[in-house]
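Notes follow the structure.
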There are 2 protein chains.
Amino acid sequence: MPVDGRRGEELSRLPAAPGPGPGPSRPTSADVARHAGVSRATVSHVLNGTDHPVSEQTRQRVLAAARDLQYAPNASARALRAGRSNIVLVPMLRSATVPGADRFLESLDRELAARDLVLLMHGDRTTSGVRGAQAWAELRPAAVYVNVSRGTPAAVELLRRAGVQAVLLTGAPRVDYAPTVPLDPAAVARLATRHLLARGCRRLACLVPSGPLAELPTQRYEAVMEVAAADGVPVERVDCELSSDSIAPVVDRWRDPAQRPDAVYTNSDPFAILLIDKLRAAGIEVPRDIAVVGSGDHPLGAALRPAITTATFDVPAIARVVASSIRRLLDGADLDPGLEAALRPHLIVRESG
Amino acid sequence: MPVDGRRGEELSRLPAAPGPGPGPSRPTSADVARHAGVSRATVSHVLNGTDHPVSEQTRQRVLAAARDLQYAPNASARALRAGRSNIVLVPMLRSATVPGADRFLESLDRELAARDLVLLMHGDRTTSGVRGAQAWAELRPAAVYVNVSRGTPAAVELLRRAGVQAVLLTGAPRVDYAPTVPLDPAAVARLATRHLLARGCRRLACLVPSGPLAELPTQRYEAVMEVAAADGVPVERVDCELSSDSIAPVVDRWRDPAQRPDAVYTNSDPFAILLIDKLRAAGIEVPRDIAVVGSGDHPLGAALRPAITTATFDVPAIARVVASSIRRLLDGADLDPGLEAALRPHLIVRESG
DNA sequence: CTGTTAGCGCATTCAC
DNA sequence: GTGAATGCGCTAACAG
């Protein structure tokens, strides 16, 4: 399955190498057949459990031969013949963008495995659109699950034309050119904001991590703005990084109660933890002086004091409906009806706000 | 590339489906050839940049046709014919075991891409040995990079017989049946311990996270023990989890100076952060009363006060030598000579110890 | 009922 | 510049 290595070239190319040289043993179904004294067709029937009748005796002989030779069918040949695979390809997410990414992939693998599908992650985190689709299509996966921002209409069309049976997109703007898991990463920000407003907060601030991964934090900031604006509550935007130097000047300004918001939404729990540490050092108490709400439910958030109030998604539940939806798509059905429900964020109210 | 979905069965099976049905368009190299008015051989030569001479004019015609049809070569057919691919397969690591896992994979992808290789992660995190090798072999990758604990001798043999050109193992006990990246995850623990001893600490404790992922922490605990024992320094083993309830009783006991170690190694920075929080709440000051050293260089560790002293690996450097070694192995050379040097852990001395 | 023969799928590459 | 063989496994059609 050669796939394009260098990004940004016409098409892939195989590294120079000695052609289909026989190599060592590399057992094929023909070897198994020879070993068992039957034809390749019989081997195939036995190993695949087709409905074709085979005597128990030959069956055992074939199985034994396969075991002896440690035969592993060549997925390439198989996929080529079948014109389809049971691979679900997920281009790797831009790291740290989504806090629970790793947990999600772990759950997703379990759920897919239970549905006879294999999860494969493509290491490239940046290539998108047609160029990305090109790389993904080469593997001829049964399904591709990718963010809308990378799954452009042209990309989706290319994948479909390449024979990918199910292209499932995920992300905020629901699109019409492919089934979409309408997971809005900003939903946690909205939920957190509504919570703070309901608690009577009237002056908000929002920490916005800067850097190359700022897309999501910015979306969340806008969501906070929007919800707060509906109540006529102002939101101070605080651009920062996860470092002491970055937070210090802000906290310093907030020493003055007149300059101080009464609540802060921080985009991720580590930022909340950092902020609270700096506030404490400045003599500002959480939640008495300022309420702080994060998101992502980081384990440290629950363990430290004050424990972080956080808005988060139910990661395993989302993995389940995504896997189920992919399976259904492959079987010609619609998305899992439980999708919307599983995507609703929830709030874990602890001590910080 | 159908791969076994259910774990623990004889061999894989394709989900029932309508055979190699023609499907929609699914452009093949034959389509491109037709479109450009040339033979498939020519298409192949042009698209792969072989040294076979092709007139500039036809070259352009072929490229244009490929673009028009959004042609993506079928990786299965290609691999089948070529008997080799440019895929490097990495079975996904048991999550959170290695703190920098995600960073590592990101760097590794970049380094591999620069060497014309594509990184693919296999979603299954648990299957190992022959069973795992079976699943990995089906993809016929050019190389597999996996922990020694999963890459048993039988697994390595199976992979080799299946035509995987480079099997690179990683992990502590260097083995002789396959090239190994002797990355010892316990090395950071040794380094941290030596640092604490050099600072005059004479009574150590070691936090050992429990749970299903306890293998690594236990190895590290043993490393701490070993180094400390050489100096006649005792080590208290503290089994715990990353939660308030888990740490509280320990800290409570340490309120009594007579019961208290003078330094703690915590296996990961989040544990150090948690511990310091609880110690502070108990009126025990770090590093005055107890020194604390973590590992993994978590960003929060640098940002909080006291900043966490941590022992860590140079993740991007390791990714570089691993990628380089894989490339060299594929080219018939030996491991990158810079390997050992890149694997050395280093200490970031900050405030906590 | 049991097993076999034969052709296909797609891209690569040798030889004319 | 092209024809044709090739790699590996699946499966429809067929023969005992």
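Just so you know, these numbers use all the heavy atoms, side chains as well, and skip hydrogens, waters and symmetry mates. Reminder, nothing fancy here: chain letters follow the sequence lines and each chain counts from 1.
Taken over five-pair windows at either terminus, the axes of the helix from C/dC1-D/dG16 to C/dC16-D/dG1 are inclined to one another by 50° (rounded to 10 degrees).
Taking atom CZ of A/Arg81 as the reference point, atom C1' of D/dT11 lies 6 Å away to the nearest angstrom. Computed from coordinates, the A/Leu80 CG to C/dT12 C1' distance equals 13 Å when rounded to whole Å. Here the P atom of nucleotide C/dC10 and the CG atom of B/Asn74 are 7 Å apart, to the nearest Å. Between A/Gln57 atom CD and C/dT2 atom P the separation is 11 Å, expressed in whole Å. Per the geometry, CD belonging to B/Glu138 stands 12 Å off C1' belonging to D/dG9, to the nearest Å. For B/Tyr71 and C/dC10, the OH to P distance is 10 Å, given to the nearest whole Å. Rounded to whole Å, the distance from CD on A/Gln60 to C1' on C/dT2 is 16 Å.
Residue pairs that meet the salt bridge (Lys or Arg N to Asp or Glu O under 4.0 Å) test with at least one member in residues 141-153 of chain A, sequence neighbours left out, do not exist here.
A search for salt bridge (charged side-chain N to carboxylate O under 4.0 Å, His left out) contacts involving A/Arg40 returns nothing, not counting sequence neighbours. In this structure, the side-chain contact (heavy atoms from CB on, under 4.5 Å) partners of B/Ala142, at least two apart in sequence or on a different chain, are B/Ser85, B/Gln165, B/Leu330. A search for side-chain hydrogen bond (donor to acceptor under 3.5 Å, both in side chains) contacts involving B/Ser324 returns B/Asp336, not counting sequence neighbours. Annotation: salt bridge (charged side-chain N to carboxylate O under 4.0 Å, His left out) contacts of B/Arg61 (sequence neighbours excluded): none. A search for ring pair (Phe, Tyr, Trp, His ring centres under 6.0 Å) contacts involving A/His45 returns A/His52, not counting sequence neighbours. Listed by chain and number, the residues in a salt bridge (charged side-chain N to carboxylate O under 4.0 Å, His left out) with A/Arg328 amount to none (sequence neighbours excluded).
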Enumerate the protein-to-nucleotides 3-6 of chain C contacts in which both atoms are nitrogen or oxygen and the separation is below 3.5 Å.
residue: C/dG3; atom: OP1; partner: A/Ser55; partner atom: OG; Å: 3.2
residue: C/dG3; atom: OP1; partner: A/Thr58; partner atom: OG1; Å: 3.0
residue: C/dG3; atom: OP2; partner: A/Ser55; partner atom: N; Å: 3.0
residue: C/dG3; atom: OP2; partner: A/Thr58; partner atom: OG1; Å: 3.1
residue: C/dG3; atom: N7; partner: A/His52; partner atom: NE2; Å: 2.5
residue: C/dG3; atom: O6; partner: A/His52; partner atom: NE2; Å: 3.1
residue: C/dT4; atom: OP2; partner: A/Ser39; partner atom: N; Å: 2.9
residue: C/dT4; atom: OP2; partner: A/Ser39; partner atom: OG; Å: 2.8
residue: C/dT4; atom: OP2; partner: A/Thr42; partner atom: OG1; Å: 2.7

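With D/dC8, D/dT6, D/dG9 as the candidates, the nucleotide lying closest to the side chain of A/Arg78 is D/dG9.
Judged by distance alone, with hydrogens and angles left aside, the side-chain atoms of A/Asn48 form a donor-acceptor pair with the main-chain N or O of A/Ser44 at under 3.5 Å.
There is no side-chain donor-acceptor pair under 3.5 Å between A/Glu138 and A/Gln134.
Between B/Asn48 and C/dA11 there is no side-chain polar atom (N or O) within less than 4.0 angstrom of OP1 or OP2.
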